[in-house]
Amino acid sequence: MYGSERHLLDIISFFSKSNDVALISFAKGEMLKYIENININTFHIGWLPNINIFLIMLRHVKLNKPELIHCHQPKATFIGSIIGRLLGIPVIVTIHSKAYDHVLVHNNFFKKIVVYLFHKITTYISELLASKIVYVNKTMYVNASFKNKSIYISNWLNPNLELNSTKKLATSSNVNFLSTGSITKAKGYDLLFDFFEYLKINNFNFNANIYGGIQGDLYEKNKERLLPLKEVVFHGFKTDLKQAYREADIYVLFSRSETFGLTYLEAMSQGLPIICLDLVELKNLIPNDNILVKDIEEAYFKLQEILNKKTYEYISQINTKRSQEYLYDDKMKELHLIYENHITK
């Protein structure tokens with residue numbers, strides 16, 4: 001499940017306990033399997049946006065007369081903000097991604113331009129028409145076009161994931177790495193494979209466990225080079241990673257772009273030191289004592305530093321402490337205040 005889907009699922013789970021919540025979905029993704037266990041009405045319409053889809057959604061919203069509309073992801077925010085403005089219903093839009101994030105999955109230069117412009121334009125229109133704009137990305141909030149109606153509410157920890165105590169490094173002679181997330185170029189898995197190759201060339205003893213669905217052709221393109229890396233095991237997608245966190249020593253992923261960095265936060269909450277690229281978003285989230293680097297060679301040399309047991313335990317401790325700033329209940333309270341302010345207007 002994507003981070004934005006889990007974000008929405010958490011909101012629905014929380015607010016459906018004491019409110020009448022309904023969901024309009026464009027695609028029958030994995031999230032809907034979990035929605036079935038929550039007592040809400042779900043209305044499914046087609047994935048491809050067109051005038052017919054718009055009219056169906058308009059009629060549905062007009063018939064149900066909600067007090068508030070909360071939209072997530074570009075298509076929903078664009079159509080939902082227009083419908084809200086037409087019907088006089090307050091609309092809150094949550095911006096989960098930058099236009100650049102959507103470009104990364106494409107190789108064709110002209111397609112990149114089209115995708116970038118499409119997302120920039122539709123996001124701008126959504127924000128223009130919305131009553132309130134919620135950013136999960138601090139930098140995007142700081143640079144918001146409509147600052148007077150914008151707010152920053154970061155993502156949050158999975159409520160089912162308990163905070164771990166400080167981890168201790170069992171041994172520095174064989175390090176257990178953990179990586180999670182869809183196996184794509186955007187998540188930097190090609191760089192991760194480079195990193196594991198670099199470790200092996202330098203006779204560094206390690207094991208690596210990767211949890212995530214295979215999307216696109218990145219895995220197929222790298223299958224041959226991965227064959228000699230017997231230390232690397234692909235487990236596919238898995239929802240419960242508690243055991244994986246317990247067995248891991250270090251979390252490593254070289255995402256090329258992140259809106260927030262939820263997978264990194266979850267690893268921090270379990271006391272794992274982090275190795276990643278020094279993206280602005282990750283610098284805002286992850287304490288400096290972790291390994292935030294420009295390239296894999298730098299990551300390798302800095303890795304040696306945190307394998308000192310005292311250093312390792314210190315980083316584990318501060319990561320767990322930082323993750324306490326992103327608790328689920330606290331974020332739901334922030335969102336509840338926004339809902340109340342716009343329903344009562």
Using 4.0 Å as the upper bound for N to carboxylate O, is an ion pair formed by [Y] and [X]?
{"X": "Arg225", "Y": "Asp194", "answer": "yes"}
{"X": "Asp217", "Y": "Lys185", "answer": "no"}
{"X": "Lys302", "Y": "Glu297", "answer": "no"}
{"X": "Glu313", "Y": "Lys309", "answer": "no"}
{"X": "Glu334", "Y": "Lys331", "answer": "yes"}
{"X": "Lys33", "Y": "Glu36", "answer": "no"}

Are [X] and [Y] linked, directly or through other ILVMFWY residues, by side chains that come within less than 4.5 angstrom of each other?
{"X": "Val114", "Y": "Ile121", "value": "no"}
{"X": "Leu55", "Y": "Ile89", "value": "yes"}
{"X": "Phe26", "Y": "Val91", "value": "yes"}
{"X": "Phe78", "Y": "Tyr124", "value": "yes"}

Tell me if the centroids of the rings in [X] and [Y] come within less than 6.0 Å of each other.
{"X": "Tyr152", "Y": "Tyr135", "answer": "no"}
{"X": "Tyr219", "Y": "Phe234", "answer": "yes"}
{"X": "Phe254", "Y": "Phe195", "answer": "yes"}

Handout entry: Set of ring pair (Phe, Tyr, Trp, His ring centres under 6.0 Å) partners for His7, sequence neighbours left out
Key = His72, His96, Trp156
Exercise for the section: Kindly write out the residues that satisfy side-chain hydrogen bond (donor to acceptor under 3.5 Å, both in side chains) with Asn308, not counting sequence neighbours, or none if the list is empty. Expected result: Thr311
Problem - Residue of the set Thr166, Leu265, Ile274 for which side-chain contact (heavy atoms from CB on, under 4.5 Å) holds with Asn319 - result: Ile274
Fill in the blank from the handout: With Pro66 as partner, the option from Asp20, Val61, Val21, Leu87 fulfilling side-chain contact (heavy atoms from CB on, under 4.5 Å) is Val61
Exceeds 12 heavy-atom contacts within 6.0 angstrom, atom [atom1] of [X]:
{"X": "Gln304", "atom1": "CD", "value": "yes"}
{"X": "Glu67", "atom1": "CD", "value": "no"}
{"X": "Asn202", "atom1": "CG", "value": "yes"}
{"X": "Tyr116", "atom1": "OH", "value": "no"}
{"X": "Asn108", "atom1": "CG", "value": "yes"}
{"X": "Glu162", "atom1": "CD", "value": "no"}
{"X": "Phe54", "atom1": "CZ", "value": "yes"}

Between [Y] and [X], is there a side-chain donor-acceptor contact under 3.5 Å, judged purely by atom types and distance?
{"X": "Ser25", "Y": "His44", "result": "yes"}
{"X": "Gln73", "Y": "Ser4", "result": "yes"}
{"X": "Tyr189", "Y": "Ser179", "result": "no"}

Exercise for the section: Step by step, work out the side chain to side chain contact (heavy atoms under 4.5 Å, CB included) result for Val136 and Thr94. Expected result: CA-CA 8 Å; Val136 300; Thr94 293; 4.1 Å; yes
Practice task
Evaluate the side chain to side chain contact (heavy atoms under 4.5 Å, CB included) criterion for residues Leu277 and Leu292: first the C-alpha distance (whole Å), next the side-chain angles of each, then the deciding distance (0.1 Å), finally the verdict.
Solution key: CA-CA 5 Å; Leu277 294 182; Leu292 291 88; over 6 Å; no
Practice task
Under the side chain to side chain contact (heavy atoms under 4.5 Å, CB included) rule, what do Ile38 and Ser13 come out as? Steps first, then yes or no, please.
Solution key: CA-CA 7 Å; Ile38 305 172; Ser13 299; 3.3 Å; yes
Handout entry: Any residue meeting side-chain contact (heavy atoms from CB on, under 4.5 Å) with Asn148, in chain and number order, not counting sequence neighbours
Key = Phe146
Practice task
Tell me, please, which residues at least two apart from Leu161 pass side-chain contact (heavy atoms from CB on, under 4.5 Å).
Solution key: Asn158, Lys242, Tyr245, Glu266, Ser269, Gln270
Fill in the blank from the handout: Interatomic distance, CD1@Ile338 vs CD1@Ile153, rounded to 0.5 Å, equals 3.5 Å
Practice task
Determine the interplanar angle of the His60 and Phe43 rings, folded into 0 to 90°, and report it as parallel if under 30°, tilted if 30 to 60°, perpendicular if over 60°.
Solution key: parallel
Can you give me every donor-acceptor pair (side chain of residues 204-211, partner residue at least two apart or in another chain, under 3.5 Å) with its distance?
{"unit_1": "Asn205", "atom_1": "ND2", "unit_2": "Ser173", "atom_2": "O", "d": "3.4"}
{"unit_1": "Asn207", "atom_1": "ND2", "unit_2": "Asn176", "atom_2": "OD1", "d": "3.4"}
{"unit_1": "Asn209", "atom_1": "OD1", "unit_2": "His235", "atom_2": "NE2", "d": "2.7"}

Problem - Audit row: Leu253, Cys276, side chain to side chain contact (heavy atoms under 4.5 Å, CB included) steps and yes/no - result: CA-CA 5 Å; Leu253 192 65; Cys276 62; 5.9 Å; no
Exercise for the section: Keeping to residues at least two apart or across chains, list the salt bridge (charged side-chain N to carboxylate O under 4.0 Å, His left out) pairs with something in residues 113-131. Expected result: none
